[in-house]
Amino acid sequence: MESITCKTCGLDKAADEFALRSDRPPGTRRTICKTCRAAGQKSRYKKYKKESYFLYKSTRARSRSQSLHIPFDLDAEYLESIWTDTCPISEQPLDPNADRESESAPELDRLVPELGYTRGNVTFMSRKMNRIKNNVSVQELEQLLDWMKSNGLK
Ligand SMILES: [Zn+2]
């Protein structure tokens, strides 16, 4: 098979390591290999997430409200206006660059879920606190707290 030199990594690779272009005559391949292109997209996405954090959060909330069929009226500016550097519950720092699965990752919580991602109904909090909040009722939490205290847990 024909080989092509990748313009990014400089390696000679088999032609099928280069994606076909749909906007050029049939058989035209890209000049950057699939591995380099995927890496580039990933770093562009990371850059976008870092530089436009509130836009990223707002876009995600919009698509979530579309799939959940709940109201949405947020934008990046509003999210920036309600941002807190720490979790309002645990007071631990919120890290916008944290991995999405990390406990300190900020999550946009809907106070009343069915009211949707709407102004006055959302707040940032840590993923950890959000998970707890979404999984127990006040009564259950009080029962758990009483039980933990009576068993000497901290
Ligand atoms: Zn390459």
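Throughout, numbering of the chain's residues begins at 1 and tracks the sequence.
In the model, Y78 has no side-chain atom that pairs as donor or acceptor with a side-chain atom of R119 under 3.5 Å. A side-chain donor-acceptor contact under 3.5 Å links T5 and D12. A donor atom on one side chain and an acceptor atom on the other are not found under 3.5 Å apart for T86 and T84.
Between the OG atom in S52 and the CD atom in E80 there is a gap of 10.5 Å [rounded to 0.5 Å]. Note that CZ of F54 and OG1 of T59 are 13.0 Å apart. Values are rounded to the nearest 0.5 Å. Note that the CD1 atom of I82 and the OG1 atom of T123 stand 6.0 Å from one another [nearest 0.5 Å]. Atom SG of C6 and atom NZ of K34 lie 12.5 Å apart (nearest 0.5 Å). A distance of 7.0 Å separates CZ of R37 from CD1 of I32, quoted to the nearest 0.5 Å. For the atom pair CZ of R29 and CD of E2, the computed distance is 7.5 Å after rounding to the nearest 0.5 Å.
Without hydrogens or angle criteria, N121 side chain to V112 main chain gives a donor-acceptor distance under 3.5 Å. The closest donor-acceptor contact from the side chain of S90 to the backbone of C87 lies at 3.5 Å or more, if one exists at all. Using a distance-only test at 3.5 Å, with no hydrogens or angles considered, a donor-acceptor pair links the side chain of N135 to the main chain of R131. Although no hydrogens or angles enter the test, the distance criterion places a donor-acceptor pair under 3.5 Å between the side chain of K57 and the main chain of P106. Listed for the S102 side chain is no donor-acceptor partner under 3.5 Å among the backbone atoms of A98. Using modelled atom types, one side-chain atom of D75 and one backbone atom of E77 make a donor-acceptor pair closer than 3.5 Å. At least one donor-acceptor pair under 3.5 Å links the side chain of E140 to the backbone N or O of S137.
Through chains of ILVMFWY side-chain contacts below 4.5 Å, I4 is grouped with F18.
Side-chain heavy atoms closer than 4.5 Å link hydrophobic residues (I, L, V, M, F, W, Y) into clusters, and following such links, possibly through other members, connects F72 to L108. Under the 4.5 Å side-chain contact rule for hydrophobic residues, L68 and L74 share a cluster. V122 is connected to W83 through a chain of hydrophobic side-chain contacts under 4.5 Å among Ile, Leu, Val, Met, Phe, Trp and Tyr, so both are in one cluster. When hydrophobic clusters are built by joining Ile, Leu, Val, Met, Phe, Trp and Tyr residues whose side-chain heavy atoms come closer than 4.5 Å, directly or via intermediates, I70 is not grouped with L111.
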Side chain to side chain donor-acceptor pair (under 3.5 Å), that's the test. Do D95 and S104 meet it? Break it down for me. CA-CA 6 Å; D95 178 8; S104 64; 5.0 Å; no

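The cationic group of R110 lies under 6.0 Å from the six-membered ring centre of Y117 and within 45° of the ring axis, placing it in a cation-pi geometry.
Ion pair R127/E101 flagged as a salt bridge, since at least one NZ, NE, NH1 or NH2 atom sits closer than 4.0 Å to an Asp/Glu carboxylate oxygen.
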